[in-house]
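First the structure, in the form of structure tokens, and then the observations on it.
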Amino acid sequence: MSVHRKTQLNLGIAGLGVASTLFVPGVDASAHARIVAAADRRASAREAFTARYGGRAYADIADLCNDPDVDVVWVATPNQFHCAHAICAAEHGKHVICTKPMALNVEQAGAMCDAADRNGVKLLCGQTYSMSPDVQALRRIVRSGDLGKLIAINTWFYTDWLLKPRVNEEIDEALGGGVIFRHAPHLIDTIRLLGGGRVRSVRAAVGRWMRERPCPGNFSVFLEFEDGTPATIVYNGYGYFDTSELTWGIGNRMYSDAERIAVRQALREGRIDNSVAKEGMRFGAAASDASSAGSGATPTHKGTRAGIHWFGLTVASFERGDVRQSPDGIYLYSDAGRTEVPVFGGRGAGTLEVKEMYEAIHENKPIVHDGRWALATLEVGLAIAESARERREVMLSHQCGLNAA
Ligand SMILES: NC(=O)c1ccc[n+]([C@@H]2O[C@H](COP(=O)([O-])OP(=O)(O)OC[C@H]3O[C@@H](n4cnc5c(N)ncnc54)[C@H](O)[C@@H]3O)[C@@H](O)[C@H]2O)c1
């Protein structure tokens with residue numbers, strides 16, 4: 001679809017960190033939005049931004065929200081600020097895209113939804129893998145009913161999240177640190193999207209097994225949807241086995257096997273300066289390989305192929321078959337054997353979110369990953385932590401169905 005330039009959304013970025021480097025290329029390539037302003041408390045980020053885009057770069061998020069040229073603010077600051085920054089944008093009449101996780105707790109998430117409603121602006125909680133075309137294609141199979149009723153969803157994701165540079169707020173659970181806040185939203189969103197959204201209960205176990213990263217690093221979860229459909233998530237972020245070995249090398253890993261050995265050793269010996277290494281991955285950094293600073297390794301293995309990122313191996317099972325991703329789309333296993341349905345387009349972080357926001361604003365289409373949806377995803381994540389802590393099944397009360405087909 002071609003979009004007249006005048007109608008493009010003017011996007012302001014709140015937080016020029018690592019997350020921004022993941023969605024900026026997608027927004028730049030999008031016909032639906034253009035980047036016009038940003039805010040970050042780091043002067044180096046602001047300088048890098050104005051060098052690239054001209055425009056305005058503010059030190060204070062409130063000034064970005066006050067910029068009359070900005071239509072949409074993409075909140076990509078650390079988790080503990082999502083609520084305040086999203087509400088600030090809404091109060092200034094800006095539409096909001098908020099990266100995952102939506103917030104630290106259900107109360108914050110509810111306040112964000114209320115602020116958007118009160119101010120008549122759209123709220124989209126994005127940057128989760130469930131928006132990718134392959135997951136959308138899996139969803140279409142569920143809706144078609146061609147293979148009968150959905151009977152189970154199972155996901156396995158082994159990756160190297162804990163080996164990457166991590167600053168305090170990524171480790172401290174009170175600030176939204178650890179893999180339940182940071183990585184689980186991708187998997188929960190995917191499972192909820194396929195299962196229709198309404199999770200009834202959660203039983204989980206969570207592990208903290210890496211001395212250098214004292215935060216949740218693995219979890220095993222059993223979820224049951226309201227209609228009785230079961231789902232499981234098995235996640236491990238310690239960087240030994242990697243599920244991309246089972247998925248044609250497509251995944252989300254940062255380091256090759258050899259690099260993992262060097263980085264793990266450097267972490268154990270305290271040779272990695274996480275602040276320096278993290279800085280090297282942010283917007284405008286001179287070199288993205290600073291992520292391995294101190295280890296001697298230069299990460300070359302980004303775990304992607306043709307721009308595709310996968311968060312593990314997901315299989316949806318039906319009365320008469322199974323579906324899962326294939327190298328070029330999705331595989332359908334049915335009574336007729338295995339067939340491949342091609343799916344076009346990579347994950348396209350950035351492109352997908354601004355397209356959905358554009359269509360919501362200009363065509364009044366419902367937002368799939370809206371505030372209430374993301375609040376429900378957050379509730380599942382919090383229930384994983386609670387269930388593990390209390391060693392019991394946790395019942396949910398904020399779940400919702402899908403806004404759109
Ligand atoms: N979906 C994804 O693929 C993905 C990937 C990485 C991170 N994230 C999310 O993005 C968010 C940021 O993570 P990150 O890894 O980019 O962190 P980061 O530290 O690299 O980036 C945060 C940026 O916000 C700035 N900042 C922090 N507080 C600020 C404030 N009060 N005012 C102005 N600027 C401020 C920092 O200077 C920094 O540049 C987190 O919520 C994380 O979960 C999403």
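Order of listing sets the numbers, starting from 1, for every ligand and every atom in it.
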Point to revise | Arg56 NZ/CZ over Phe49 ring centroid, <6.0 Å and within 45° of normal | key: no
Exercise for review: Give the numbers and elements of all ligand 1 atoms closer than 4.0 Å to a heavy atom of Asn79.
Suggested key: 40 (C), 41 (O), 42 (C), 43 (O)
Exercise for review: Determine yes or no for a side-chain-to-main-chain donor-acceptor pair under 3.5 angstrom, with Arg253 supplying the side chain and Tyr255 the backbone.
Suggested key: yes
Exercise for review: Output yes when the distance from some N or O of ligand 1 to some N or O of Arg282 is under 3.5 Å, and no in every other case.
Suggested key: yes
Exercise for review: Show which atoms of ligand 1 fall inside a sub-4.0 Å distance from at least one heavy-atom site of Pro101.
Suggested key: 43 (O)
Check your understanding: Any heavy atom of Ala76 sitting closer than 4.0 Å to ligand 1?
Key -> yes
**Study point:** All side-chain hydrogen bond (donor to acceptor under 3.5 Å, both in side chains) counterparts of Arg182, not counting sequence neighbours
**Key:** none
Exercise for review: Counting heavy atoms only, name the option from Pro78, Ser20, Ser275, Pro185 that's nearest to atom 22 (C) of ligand 1.
Suggested key: Pro78
Review point. Do any N or O atoms from the side chain of Arg139 and from the backbone of Leu193 form a donor-acceptor pair under 3.5 angstrom?
Key: yes
Check your understanding: Does Arg42 reach ligand 1 with a nitrogen or oxygen that is under 3.5 Å from one of the ligand's nitrogen or oxygen atoms?
Key -> yes
**Study point:** Sub-4.0 Å heavy-atom approach of His85 to ligand 1
**Key:** yes
Check your understanding: Taking the six-membered ring for Trp, are Trp248 and Tyr331 parallel (under 30°), tilted (30 to 60°) or perpendicular (over 60°)?
Key -> perpendicular
Exercise for review: Say whether Phe81, considering both its backbone and side-chain N or O atoms, lies within less than 3.5 Å of an N or O atom on ligand 1.
Suggested key: no
Check your understanding: Going by the angle between their ring planes, with limits at 30° and 60°, are His369 and Trp373 parallel, tilted or perpendicular?
Key -> perpendicular
Check your understanding: Using heavy atoms and a threshold below 4.0 Å, how should the contact between Lys278 and ligand 1 be classified: side chain, backbone, both, or neither?
Key -> side chain
Check your understanding: Which atoms of ligand 1 have any heavy atom of Gly15 under 4.0 Å away?
Key -> 23 (C), 24 (O)
Review point. Looking at ligand 1, does Gly176 have a heavy atom less than 4.0 Å from it?
Key: no
Review point. Run the side chain to side chain donor-acceptor pair (under 3.5 Å) check on Tyr53 and Asp28 step by step: do they pass?
Key: CA-CA 11 Å; Tyr53 289 101; Asp28 282 343; 2.8 Å; yes
Exercise for review: Name the orientation class of the two ring planes belonging to Phe23 and Trp74 (parallel below 30°, tilted from 30 to 60°, perpendicular beyond 60°).
Suggested key: parallel
Practice item. Measure from the side-chain N and O atoms of Arg282 to the backbone N and O of Ser20, and report whether any donor-acceptor pair falls under 3.5 Å. Key: no
Exercise for review: Within a distance under 4.0 Å of any heavy atom of Ile61, pick out the atoms of ligand 1 and give their elements.
Suggested key: 32 (N), 33 (C)
Check your understanding: For the residue pair His186 and Phe311, does the interplanar ring angle fall in the parallel (under 30°), tilted (30 to 60°) or perpendicular (over 60°) class?
Key -> parallel
Practice item. Check each atom of ligand 1 against the heavy atoms of His186 and keep those under 4.0 Å away; list them by number with element. Key: 1 (N)
Revision key, fill the gap. Within the 4.0 Å heavy-atom cut-off, what Arg41 brings close to ligand 1 is both
Review point. Nearest non-hydrogen atom to atom 11 (C) of ligand 1 belongs to which of Thr77, Thr128, Asn252?
Key: Thr77
Review point. With atoms numbered from 1 as shown, which atoms in ligand 1 lie under 4.0 angstrom from a non-hydrogen atom of Leu16?
Key: 39 (O)
Practice item. Report yes if some N/O of Ala19 lies less than 3.5 Å from some N/O of ligand 1; otherwise report no. Key: yes
Exercise for review: May I ask you to list the atoms of ligand 1 that are less than 4.0 angstrom from any heavy atom of Leu22?
Suggested key: 3 (O), 5 (C)
Practice item. Dump the intermediate steps for side chain to side chain contact (heavy atoms under 4.5 Å, CB included) on Phe157 and Asn236, then the final yes or no. Key: CA-CA 6 Å; Phe157 185 29; Asn236 180 313; over 6 Å; no
